[in-house]
Number of protein chains: 2
Amino acid sequence: MELNERKLRILQAVIDEYMGTAEPVGSRVISKKNNLGLSSATIRNEMADLEEMGFLIQPHTSAGRIPSDAAYRYYVNSMMKRYKIGVKTIEQLQLALEQKINQLDSIIKKASHITSALTDYTTIITTPELKSNSIKKCELVSLSGGCSLLIIITQAGIVKNKILTLSLDDASAALLGEIINKTLCGLCTNDITFDKIQSMQNEISQRLDLSPKALINILDFIYEAIEELDDTDIYIENEKSILKYNDIEKAQKMFTFLEDKKNLKKLIKGDPNSKVNIKIGSENKVEELKDCSLVTVNYSLNNKTAGQLGVIGPKRMNYAKVVASLNCISEHIDKILYQMYIGESGE
Amino acid sequence: MELNERKLRILQAVIDEYMGTAEPVGSRVISKKNNLGLSSATIRNEMADLEEMGFLIQPHTSAGRIPSDAAYRYYVNSMMKRYKIGVKTIEQLQLALEQKINQLDSIIKKASHITSALTDYTTIITTPELKSNSIKKCELVSLSGGCSLLIIITQAGIVKNKILTLSLDDASAALLGEIINKTLCGLCTNDITFDKIQSMQNEISQRLDLSPKALINILDFIYEAIEELDDTDIYIENEKSILKYNDIEKAQKMFTFLEDKKNLKKLIKGDPNSKVNIKIGSENKVEELKDCSLVTVNYSLNNKTAGQLGVIGPKRMNYAKVVASLNCISEHIDKILYQMYIGESGE
DNA sequence: TGTTAGCACTCAATAAGTGTGAGTGCTAAA
DNA sequence: TTTAGCACTCACACTTATTGAGTGCTAACA
């Protein structure tokens with residue numbers, strides 16, 4: 001059987017109605033609200049067909065029908081109209097994002113906040129995975145309490161600081177810092193191998209009086225810090241919106257699910273080749289998301305995927321609006337990241 | 001009427017039972033479970049008295065009774081027995097906390113995590129308010145994209161980095177950094193007035209070619225950074241536990257309430273003179289907490305209150321256990337903070 | 001005089017029965 | 001092909017017992 005024009009319009013009407021009301025939709029409502037010029041009986045026949053084809057589901061005999069996962073998929077693929085975000089909204093979010101233009105995690109948090117405000121669904125965002133953080137400066141400072149502080153600054157202004165339990169006087173700390181800086185400054189994090197770190201060994205042992213064990217510790221520590229520099233964070237906002245479309249038990253399971261950040265990071269990474277990824281209901285392999293939809297976008301730096309921004313909501317969410325919002329915000333992130341990392345080189 | 005020995009034991013029994021079951025407690029249960037050697041009728045009489053005295057509440061005529069806020073208050077003040085935390089648990093948390101001994105916010109997050117695991121209630125914790133952060137080093141680094149990065153390091157290893165939208169070449173950045181460092185190094189944050197910052201003005205304008213406006217901006221910016229160094233953060237963990245003792249609507253209100261971090265910071269600051277603070281039900285002035293209890297402890301550095309750790313749970317929570325857990329964890333925090341900030345000066 | 005067995009009473013919670021109405025599928029006529 | 005009409009279904013809301021945990025009161029008892 002074919003999805004002819006009429007069936008399509010009816011399917012569209014059912015989806016629209018269900019998105020608004022979250023109640024099963026009957027043939028009478030479709031016949032009245034949409035001037036298709038058809039009686040409820042005709043629509044009833046068509047809806048029976050649509051059910052047979054797997055696009056509609058009847059919760060029970062005397063109820064209306066709700067869209068199936070397949071219907072949403074069809075809708076998203078072929079029927080969805082472009083949603084236009086209001087000029088005012090765009091201006092507002094532009095303003096909000098550009099206020100904090102210089103602090104990476106502030107931008108990411110802000111972006112998440114805006115997304116959650118715009119969609120009113122749970123928002124997930126990762127900090128960018130910058131595989132090539134260029135190191136601007138390294139420094140070692142001696143602290144009270146027998147500790148030293150290693151600071152690594154990247155070209156783009158990301159600061160990694162990590163405390164080493166090693167007692168050094170100010171002079172030794174400065175000296176060691178100088179050696180580290182000399183060795184690593186200007187390099188990209190993904191070019192720094194452990195061999196590179198180890199190449200400092202000789203110079204350090206010549207110029208500083210350290211036990212072999214302490215030396216190894218220091219080298220390991222530096223390597224760790226460099227690796228951690230590439231770590232991404234993940235932020236979740238507006239978890240409470242889950243309560244709007246789930247009962248307590250399901251909500252609890254969702255909350256528990258959202259605690260596993262590692263898993264979430266994996267999950268939110270959709271297909272890196274398509275900007276937007278939509279997973280509807282059982283398309284999510286994870287049990288906890290079986291009756292949710294996950295919409296994510298990749299934001300990028302220099303045309304390479306850098307991180308993800310996404311939204312978890314009910315299957316009956318307004319996909320058009322969510323996709324438009326995510327696109328809009330990710331584009332802004334792209335712009336800001338470009339400014340931060342590539343800079344206005346032209347000027 | 002007096003709260004004689006027998007009434008006391010009955011009240012205790014009701015509270016105990018209710019803490020376990022969360023169901024109104026009847027006279028029969030008390031008479032059977034606790035071998036007071038009294039019939040249910042006698043207990044009934046006593047319970048009627050206790051209700052009259054305001055310690056028990058009857059939800060409806062044919063129901064058992066539940067403890068009132070006053071009962072919990074009486075219990076907490078006079079009846080609560082010391083809860084002993086298992087040696088194993090203590091060992092475990094000691095281990096967990098000391099793993100991350102050197103990164104301030106890691107410790108605070110870890111402490112929050114442990115508290116939530118131990119009590120299974122929503123945990124709130126603030127980072128310490130260190131009114132006297134001694135500045136170890138200041139630095140200014142030029143970045144790509146027309147920005148500069150100000151880094152301030154304290155004696156204890158707290159790093160504050162803040163990006164300034166001012167384009168400087170490496171040399172100027174280093175020079176400006178040097179001036180800032182010379183002026184502020186060794187000072188305590190609360191000794192730094194704006195006058196102090198302004199005292200750099202002359203030297204900066206002499207040695208660097210900056211517009212007057214840019215100069216003012218820089219000074220403001222530095223002052224801001226210093227002020228922010230004293231800012232405290234607040235972390236919330238295990239919000240989902242709210243769903244265990246609240247219906248969806250109340251839970252939603254609670255979630256919204258917990259979003260206002262500023263308000264929360266104020267709220268969690270109990271009496272600084274007593275280590276533990278317990279607010280039961282309507283003792284909380286805030287509407288949203290009217291049927292919760294908030295238990296907080298002050299943790300301290302050098303015998304001065306530095307921050308708070310607290311738990312929000314149902315009024316029927318196990319106060320003894322919560323207080324013991326909070327005490328235990330805060331003592332560990334105290335120890336670690338001491339090591340970090342005062343150091344093993346004796347050695 | 002305090003304690004307790006006994007009994008009538010209360011009332012939330014549960015179960016069982018009963019409409020109601022929104023919705024259906026099918027049929028037959030337009 | 002469409003649609004009016006009709007019998008049918010079934011969740012939901014409503015009403016009406018039924019149950020049982022708990023009470024307060026009274027009178028008898030130690």
Side-chain angles (χ1 to χ4, degrees), chain A residues 1-11 13-18 20-68 71 247-248 316, chain B residues 1-11 13-68 71 247 316:
Chain A
M1 210 183 297
E2 259 303 290
L3 250 190
N4 59 25
E5 175 67 18
R6 195 166 74 178
K7 283 201 173 54
L8 241 152
R9 289 185 66 182
I10 291 171
L11 182 57
V14 173
I15 292 175
D16 280 354
E17 187 69 21
Y18 188 69
T21 63
E23 295 291 330
V25 185
S27 55
R28 230 178 87 91
V29 176
I30 301 292
S31 139
K32 289 233 164 168
K33 284 209 180 167
N34 307 61
N35 45 356
L36 299 168
L38 294 171
S39 77
S40 64
T42 312
I43 289 171
R44 217 137 57 220
N45 288 329
E46 294 287 33
M47 280 169 85
D49 288 351
L50 284 165
E51 183 171 5
E52 213 170 283
M53 294 163 82
F55 289 113
L56 293 180
I57 293 167
Q58 212 174 6
H60 57 87
T61 330
S62 71
R65 284 166 167 109
I66 61 173
S68 69
D247 58 63
I248 286 204
R316 57 164 208 282
Chain B
M1 211 183 297
E2 259 303 289
L3 251 190
N4 59 24
E5 175 67 18
R6 195 165 76 179
K7 282 200 173 56
L8 241 153
R9 288 185 68 181
I10 290 171
L11 182 57
V14 173
I15 292 175
D16 280 354
E17 187 68 20
Y18 188 69
M19 277 180 176
T21 62
E23 296 290 332
V25 185
S27 55
R28 231 178 86 91
V29 176
I30 301 293
S31 139
K32 288 233 164 168
K33 284 208 181 167
N34 307 59
N35 46 356
L36 300 170
L38 294 171
S39 78
S40 65
T42 311
I43 290 173
R44 222 146 43 226
N45 288 328
E46 294 287 33
M47 281 168 85
D49 287 351
L50 283 166
E51 184 172 3
E52 212 170 284
M53 295 163 81
F55 289 114
L56 293 180
I57 294 167
Q58 213 173 4
H60 56 86
T61 330
S62 71
R65 280 161 170 115
I66 62 173
S68 69
D247 57 63
R316 57 165 208 284

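Side chains are part of it too, since the values below use all heavy atoms of this structure and drop only hydrogens, waters and symmetry mates. Order of the sequence lines fixes the chain letters, A, B, ..., with proteins taken first and strands second; residue numbering starts at 1 for each chain.
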So, is [X] close to the [N] phosphate, meaning a side-chain N or O under 4.0 Å from OP1 or OP2?
| X | N | answer |
| --- | --- | --- |
| Arg6(A) | dT1(D) | no |
| Arg65(B) | dG24(D) | yes |
| Ser39(B) | dT4(C) | yes |
| Ser62(A) | dT24(C) | no |

| field | Per Thr42(A) side chain, nearest of listed nucleotides dG22(D), dT9(D), dT3(D) | value | dT3(D)
| query | Which nucleotide in the set dA5(C), dC10(D), dC11(C) lies at the smallest distance from any side-chain heavy atom of Ala41(B)? | reply | dA5(C)
| message | For the backbone of Glu17(B) and the side chain of Thr21(B), can you confirm whether one donor and one acceptor N or O come within less than 3.5 Å of each other? | response | yes
| request: Give a yes or no on whether the backbone of Arg6(A) and the side-chain of Asn4(A) come within a donor-acceptor separation of less than 3.5 Å. | output: yes
Could you tell me how far apart [X] ([atom1]) and [N] ([atom2]) are, to the nearest whole angstrom?
| X | N | atom1 | atom2 | value |
| --- | --- | --- | --- | --- |
| Ile43(B) | dG2(C) | CD1 | C1' | 14 Å |
| Met47(B) | dT23(D) | CE | C1' | 10 Å |
| Ile57(B) | dG22(D) | CD1 | C1' | 17 Å |
| Ile66(B) | dA21(D) | CD1 | C1' | 16 Å |
| Glu46(A) | dG25(C) | CD | P | 12 Å |
| Lys32(A) | dT3(D) | NZ | C1' | 15 Å |
| Asn45(B) | dG2(C) | CG | P | 11 Å |
| Arg44(B) | dG22(D) | CZ | C1' | 8 Å |

| query | Does any non-hydrogen side-chain atom of Leu56(A) lie less than 4.5 Å from one of Leu11(A)? | reply | yes
| field | Residue pair Ser27(A) / Ile30(A), side-chain heavy-atom distance below 4.5 Å | value | no
| Which residue, Leu38(B) or Arg28(A), contacts DNA chain C at a nucleotide closer to its 5' end, judged by nearest heavy atom? | Leu38(B)
| Gly54(B) to Ser68(B) - nearest heavy-atom pair and separation | O-OG, 2.7 Å
| request: Could you tell me whether Ser40(A) contacts a base, only the sugar-phosphate backbone, or nothing, with contacts defined as non-hydrogen atoms closer than 4.0 Å? | output: nothing
